[in-house]
**Student:** 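Sharing a structure below in structure tokens format, with a few things to ask.
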2 protein chains.
Amino acid sequence: MHKPASDNAQDIHSSGLKATWPRIRILRLFQQTTQRHLSAEDVYRSLLADGEEIGLATIYRVLTQFEQARLLTRHYFESGKAVYELNEGQHHDHLVCMMCGRVEEFCDPEIERLQQQIAERRGFELREHALSLYGVCSNPACQAKARAESRG
Amino acid sequence: MHKPASDNAQDIHSSGLKATWPRIRILRLFQQTTQRHLSAEDVYRSLLADGEEIGLATIYRVLTQFEQARLLTRHYFESGKAVYELNEGQHHDHLVCMMCGRVEEFCDPEIERLQQQIAERRGFELREHALSLYGVCSNPACQAKARAESRG
DNA sequence: GTGGTTGATGATAATACTTATCATTAACCA
DNA sequence: TGGTTAATGATAAGTATTATCATCAACCAC
Ligand SMILES: [Mn+2]
Ligand SMILES: [Mn+2]
Ligand SMILES: [Zn+2]
Ligand SMILES: [Zn+2]
């Protein structure tokens with residue numbers, strides 16, 4: 001299941017970066033974690049919990065480098081802080097539960113096509129887009145919480 | 001063209017807020033400005049330039065209050081800072097030029113419908129969404145700049 | 001209109017997230 | 001197996017935003 005460290009080293013190397021231990025550990029974390037979407041702080045705490053000695057500055061640097069190397073992708077989810085996820089090629093957008101923070105992924109080819117059309121009509125060369133849906137998921141606890149909030 | 005200050009006072013009052021001079025000036029700015037989308041800093045500098053004495057903390061506070069009162073809406077545009085615009089009822093999304101920062105607005109009913117459908121299928125009660133398209137606008141200067149950047 | 005109550009203001013401190021600096025360390029390659 | 005050069009980590013700095021608190025001004029009852 002887990003790729004051996006040498007494979008991670010390969011991926012990192014072929015992005016033109018030295019295969020250092022912090023980089024290997026960060027990439028491995030994204031490949032192994034169940035929670036796909038991680039902030040810098042998430043990565044930091046996770047590696048500390050694993051007994052690694054790593055600086056927060058290194059996390060931020062490496063996440064940025066991995067994004068530029070297209071090993072990771074970055075999103076905002078309107079939370080004020082960036083989250084990253086493994087880039088596995090196929091584009092998708094996100095559906096976020098405002099109560100529990102759960103993130104589901106989707107890709108709708110029709111929406112993608114319409115976006116392209118809108119940009120073209122206005123003479124824009126479309127480079128990227130951010131689409132996030134926010135709502136309340138099917139978890140009964142989330143629905144109860146939502147009802148409680150709407151009362152106040 | 002300009003609403004009289006008393007009208008702004010009305011709008012503010014009916015949101016349950018005292019019609020103070022800073023609030024009146026901030027609301028007026030959004031009603032009069034040509035550049036629809038303004039950050040807290042934009043508002044601050046604009047009012048200072050108009051000779052107002054106003055604190056930045058007040059700007060932040062009032063923008064938040066106006067958003068809660070649905071007089072303004074907030075967006076992020078992936079810039080790391082929030083921008084606000086007058087809420088005139090009809091929802092729309094944004095197309096942003098990555099070279100000059102120009103913002104165009106659009107609303108595609110088909111995309112709206114598909115979003116709703118995606119949320120429903122997954123058992124989410126959709127509350128809101130953020131859709132922003134990023135690209136290069138038709139301005140020749142922007143296209144030249146984009147070409148220059150892609151070379152490096 | 002006036003005055004008292006109460007919420008608003010603005011200076012500034014604090015916080016949250018992120019990037020820059022720089023001396024030390026480690027990856028790579030000849 | 002060094003030497004070169006880039007990476008690391010501690011920490012300072014930067015940027016956007018929120019909290020604190022003493023002073024001030026809207027509003028409402030009179
Ligand atoms: Mn994702
Ligand atoms: Mn807009
Ligand atoms: Zn939920
Ligand atoms: Zn442009």
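Side-chain atoms are counted along with the backbone in the values below, which use heavy atoms only and exclude waters and symmetry mates. Numbered from 1 within each chain, the chains take letters A, B, ... in sequence-line order.
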**Student:** Specify the separation, in whole Å, of atom CH2 of B:Trp21 and atom P of D:dA25.
**Tutor:**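 To the nearest whole Å, that distance equals 14 Å.
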**Student:** Assigning hydrophobic clusters by single linkage (Ile, Leu, Val, Met, Phe, Trp, Tyr; side-chain heavy-atom cutoff under 4.5 Å), is B:Leu95 placed with B:Met99?
**Tutor:**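 Different clusters.
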**Student:** Cut-off 3.5 Å, side chains only: do B:Glu105 and B:His37 have a donor facing an acceptor?
**Tutor:**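 Judged by distance alone, the side chains do pair up.
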**Student:** Given A:Arg121 and A:Gln117, is the side-chain hydrogen bond (donor to acceptor under 3.5 Å, both in side chains) satisfied, shown in steps?
**Tutor:** CA-CA 6 Å; A:Arg121 280 214 192 104; A:Gln117 197 178 83; 3.2 Å; yes
**Student:** Quick check on D:dA7: is either OP1 or OP2 less than 4.0 Å from any side-chain nitrogen or oxygen of A:Arg23?
**Tutor:**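 Yes, A:Arg23 has a side-chain N/O under 4.0 Å of OP1/OP2 on D:dA7.
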**Student:** What is the separation between atom CZ on B:Phe66 and atom C1' on C:dA8, rounded to the nearest whole Å?
**Tutor:**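 For the pair B:Phe66 CZ and C:dA8 C1', the rounded distance is 12 Å.
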**Student:** Where the side chain of A:Ala40 is defined as all heavy atoms beyond and including C-beta, which of C:dG10, D:dA7, C:dT18 is the nearest nucleotide?
**Tutor:**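 Closest nucleotide among those given: C:dT18.
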**Student:** State which of D:dT17, C:dA8, D:dG9 makes the closest approach to the side chain of A:Arg61.
**Tutor:**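 Nearest listed nucleotide: D:dG9.
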**Student:** Taking only the side-chain heavy atoms of A:Thr20 (C-beta and beyond), determine which of D:dA7, C:dA20, C:dT18 contains the nearest atom.
**Tutor:**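 The closest nucleotide is D:dA7.
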**Student:** Using a 4.0 Å heavy-atom cut-off across all strands, classify B:Glu41 as base, sugar-phosphate, or nothing.
**Tutor:**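 Contact class for B:Glu41: none.
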**Student:** Looking at A:Tyr60, does any N or O in its side chain come under 4.0 Å of the phosphate oxygens OP1/OP2 on C:dT19?
**Tutor:**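 Checking A:Tyr60 against C:dT19: no side-chain N or O falls below 4.0 Å of OP1 or OP2.
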**Student:** Round to the nearest Å and state the distance from B:Ile24 atom CD1 to C:dT9 atom P.
**Tutor:**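 Interatomic distance, CD1 of B:Ile24 to P of C:dT9: 10 Å.
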**Student:** What integer distance in Å separates B:Tyr44:OH from C:dA11:P?
**Tutor:**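 It is 7 Å, rounded to the nearest whole Å.
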**Student:** Closest-nucleotide mapping onto DNA chain D: is B:Pro22 or B:Thr64 further toward the 5' terminus? I mean the 5' end.
**Tutor:**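 Its nearest nucleotide lies further toward 5', so the answer is B:Thr64.
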**Student:** Go through the steps for A:His129 and B:His94 under the test ring-ring contact (aromatic ring centres under 6.0 Å, His included), then give the verdict.
**Tutor:** CA-CA 10 Å; A:His129 69 263; B:His94 298 93; over 10 Å; no
**Student:** Could you give the CD-to-P distance, from B:Glu67 to D:dT17, as a whole number of Å?
**Tutor:**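 Roughly 12 Å, once rounded to whole Å.
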**Student:** With under 30° as parallel and over 60° as perpendicular, where do the rings of A:His75 and A:Phe77 fit, or are they tilted in between?
**Tutor:**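 Aromatic pair A:His75/A:Phe77 classed parallel.
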**Student:** Rounded to whole angstrom units, what separation is found between the NE2 atom of B:His13 and the P atom of D:dA25?
**Tutor:**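 That distance rounds to 17 Å.
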**Student:** Quick one: on DNA chain D, does A:Thr58 or B:Leu56 contact a more 5' nucleotide (nearest heavy atom)?
**Tutor:**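 So the residue in question is A:Thr58.
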**Student:** A:Lys18 has an atom NZ; how far is it from atom P of C:dT25, in whole Å?
**Tutor:**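 Checked: the NZ to P distance equals 16 Å.
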**Student:** Using whole Å, report how far CD of B:Gln10 lies from P of D:dC27.
**Tutor:**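 Taking CD of B:Gln10 and P of D:dC27, I get 11 Å after rounding.
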